[in-house]
Amino acid sequence: MSVLRKLGVRPGSLVMAVTAALTAAPTLAGCSSSQGRENLDKLVAVDGSSTVYPISEAVAEEFQRRHAARVTIGVSGTGGGFKKFCAGETAITGASRPITAVEIAACERGGVEFIELPVAYDGIAVAVHPANDWARVMTVAELARLWEPGAQGKIVKWSQIRAGWPELDVHLFGPGVDSGTYDYFTQAVVGRAHASRGDFTSSENDHVLVQGVVNDRLGLGFFGYAYYAAHQDELALVQIDDGDAQNGAGPIAPSPATIADGSYSPLTRPVFIYVSVAAAKREAVADFVEFYLARGGQLATEVGYVPLPEPVYARARERFAARTTGSMFEGGALLGTPSVLSTLAGFAVDQPFEGGS
Amino acid sequence: MGARRPSSRRLVEHALELGLLACGLVTVLTTVGILYVLGSETAAFFAEVSFAEFFGARHWTPLFADPQFGIRPLIAGTFLTSAIAIAVALPLGLLAAIYLAEFASPGLRRVLKPTLEILAGIPTIVFGYFALVFLTPLLQRVVPGLAGFNALSPGIVMGIMIVPMIASLSEDAIRAVPRSLREAAWGLGAGEAQTIFRVVLPAAYSGIAASIVLAVSRAIGETMIVTIAAGQRPWLTLDPRVPIETMTAYIIQIALGDVPADTLAHRTIFAVGTTLFVLTFVTNLIAQRLTRRFREGGYE
Amino acid sequence: MLERGFRWLCASAVWLPIALLAVLLTDVVVEGVGRLDWAFITSFPSRKPEQAGVWPALVGSVYLVSLTALIALPIGVGAAIYLEEYGERRLLGSIIEVNIANLAGVPSVIYGLLGLQLFARVLGMGRSLIAGALTMALLVSPIVIMAAREALRSVPQSVRETGVALGATRWQVIRQVVLPMALPGILTGAILAVARALGEAAPLLVLGALAFVSFVPDGLDAPFTVLPIQIFNWVSRPDQAFASNAAAAIVVLLLVLLVLNSLAIVLRDWSSRRRGDS
């Protein structure tokens, strides 16, 4: 300290100088109002589904290497994302199910027009710990018995799902209620969207769910197939038997092939991004969406998703270019695999849909 | 002595004093703010959910179809992790305090005390990482049926983190016991351990109790360790091997999700926050009472 | 013999937590040091763990903590001055004192709720740097106030009396004599507050943190992330590679804290030596 005094610097003034410098930095960096407006122009705010997140993250990373825009991606879940989107807070929202009638109404109230764009196929994987050697095949009925609202507090042991299974506790992991994966799963398995028991580990963060099952011999969880694919050495898949011989007899495990041809039923679905027309007026947002539709399929494969057939992407690009608004899926009323997939097939008129029937 | 000063000078002095008072009042405003924010949202919550359900129902499923708002599972989760933490921290902290106060040389004490303080200064996120990545896999080899998310691992880590708190405050209390008491005991032929347990500790009771109660408060309010390692499953149980959820972890879970504001579901974080606040406030109050008794000398 | 056993038991009670601390630090360092390099510090988060880095989180932490100090220091020192120099026997003084004692014991997550409702929503600041700084400033004020009070108390009363006897006003005495003498203690408090603010994640998580922040905050109203939250994000991912990233980020955080705390110790030593002279 005596050195400083020799230099004629008093500690008090030194502290002031340092604090001044540290606080000047952020304000200088974003100083003038024109700079601020420019930054806002180049900001692409994305939110929504944790299932679509890995694709959006990959696209954003590649996009930002080539363009001077800034992309932020939140993970509020499909439902949470729509709430923000219809309030005009985000430009793009990812969804692992089609938009519902309630959400369409909310967007109308918020004055937000949306463009619906499919970006990939995903399967919902049901996974258990590798040491779990009894629950490798389950029927949809058994899954329903495990997950329906009435099971809360009652179905707590494996032996209650199927006779002969161990008398051990079952620890359940699943996405939270804001998740489109949750909505799709409950609709497909229990028969009603949003209807399930509440006493399981719920998280919008699929990584937490994977972590849960990987570390728990008694765990069972459901999450996007991509999250399973990233950890297939530490997880075991449950094959699902939907009792419908028409789209593949017997129990089927999810894989890029069974997801692409729709035989992994009822847990295959397309995932979407919804773009706000108002936001698309900004160059940064339009560029980002076009990049998404151009490279999304390839990047989706990289992160464990199943790309759509190329004609579907081509039609999506046309749809965006024409800024066509509205949803093809009648406000989510068509939730449930076969009709969703066939509607998507009808979307790409030039290419008939293979498989599924 | 009053030297005559120009009234402008006096005005400036007065203004400065008011300015400084305003600074002090910021803390009062903070308390008012906390009470208002918690209170108003909680009142709105209880307009829709009865006290009977909040305290009586056995399930906490506020976000699901057919929601239930029983806070017992969350309280059970908090209780379980805190109890494990205190079970670890109390014996270790007390024995450490005894060592530092009675047996350690001044030189050793000068080294050991700051080293223990380092434990208290490490960010809790680091402890959370340690519990999940290091301790849980280790314990899984020893404890049968230990799930990846459980109450045992974060409880133990929290306990270790709290040891300095109990050790430091208890040590002060023990050292404050007058030498005369000890010498009387030795004079009567008591050994070291006997003296400590029969004479010194009871004499230092208030200070030690204060440290334990403060540690309880700290454990109840701990967030990051349990959020990372204890799980997100509200479950009414006393089994430390299964996933559970604490009050603090629930607040983080909802904050990270996206429940829209002004809905009943969103207000649950304030209802839980108020419960948490009341619990820590009461324990802190008890600790303050005990500290005052200790300072005023609770022994002859 | 029993006595020896008892002594040994007590000694191990001290050494056990220290040993566990050593194990924790060793584990983190071993796990993280291999990942730690200049690229890690200057890179942005990425989906590929080997390319991911802590730059936005590090810069966000520095900005947040500087802003927090800028807000909390004047308020905290002001409050301490009031309590020590003006408010000793007054009702307002004791009300403020009671408040500080209570606030110090409130869990940090409650401050997050306060910040969320008051700063982010009612005052409309959203999930911004300034909202975070204000929330953290409220959290650490008790630390600043308590340290500043200690520092002010250590200034001998005779100094103040001399000043008044020489005809100076109360404020002149405070500003020109007492404060400079108390400065090292005050700075120590500032550093302790900063260290606390650096390590906190819970209140900022409640306030709202983005999962993917790919740029450095560029203004007070910008979204941001901090080191503890980046660590939290990485710990939540099951890949072993991200666990290494988390460990490396922890090493960065601990190093910064080490520097800060050493500074505090140096300052404390310097101030006690200085007091010894006067």
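These numbers come from the heavy atoms of this one structure, side chains and all, not from hydrogens, waters or symmetry mates. In what follows, every chain begins at residue 1, and chains take the letters A, B, ... in the order their sequences are listed.
If you tally non-hydrogen atom pairs under 4.5 Å between each of C23(B), P114(B), G221(B) and chain C, the highest count goes to C23(B). The greatest number of non-hydrogen atom pairs below 4.5 Å with chain C, out of F127(B), Y129(B), F281(B), is found for Y129(B). Most heavy-atom pairs under 4.5 Å with chain B, from the set I18(C), I231(C), L103(C): that is L103(C). Per-residue heavy-atom pair counts under 4.5 Å with chain C were compared for L16(B), I252(B), L20(B), and the maximum is reached by L20(B).
Aromatic pair F6(C)/F197(B): centroids less than 6.0 angstrom apart.
Looking at V163(B), the atoms closer than 4.5 Å to chain C (heavy atoms on both sides) all sit in the side chain, from C-beta outward. In this structure, chain C has heavy atoms under 4.5 Å from both the backbone and the side chain of T30(B). With a 4.5 angstrom heavy-atom cutoff, E200(C) does not touch chain B via any of its atoms. Using a 4.5 Å cut-off between heavy atoms, F134(B) contacts chain C through its side chain alone, with no backbone atom that close. With a 4.5 Å cut-off on non-hydrogen atoms, T223(B) touches chain C through its side chain but not through its backbone. Neither the backbone nor the side chain of A167(B) comes within less than 4.5 Å of any heavy atom in chain C. L214(B) does not touch chain C: none of its heavy atoms, backbone or side chain, sits under 4.5 Å away. Interface residue I145(C): only side-chain heavy atoms are found under 4.5 Å from chain B. Only the side chain of I122(B) comes within less than 4.5 Å of a heavy atom in chain C; its backbone stays farther off. Proximity to chain C (any heavy atom under 4.5 Å) is shown, for L94(B), by neither the backbone nor the side chain. E222(B) does not touch chain C: none of its heavy atoms, backbone or side chain, sits under 4.5 Å away. Interface remark: H14(B) contributes no atoms to any contact with chain C (heavy atom separation under 4.5 Å).
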Apply side chain to side chain contact (heavy atoms under 4.5 Å, CB included) to Q288(B) and N102(C), showing your working.
CA-CA 10 Å; Q288(B) 279 173 20; N102(C) 284 328; 3.6 Å; yes

I'd like to know whether N99(C) forms a side-chain hydrogen bond (donor to acceptor under 3.5 Å, both in side chains) with T27(B), so could you lay out the CA-CA distance, the side-chain angles of the two residues, the decisive distance to 0.1 Å, and finally the verdict.
CA-CA 6 Å; N99(C) 265 293; T27(B) 54; 5.4 Å; no

For the pair V26(B) and L138(C), evaluate side chain to side chain contact (heavy atoms under 4.5 Å, CB included) and give the outcome as yes or no after the intermediate values.
CA-CA 9 Å; V26(B) 167; L138(C) 290 184; 4.2 Å; yes

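The local environment of CH2 in W186(B) is crowded, with over 12 non-hydrogen atoms from other residues, nucleotides or ligands closer than 6.0 Å.
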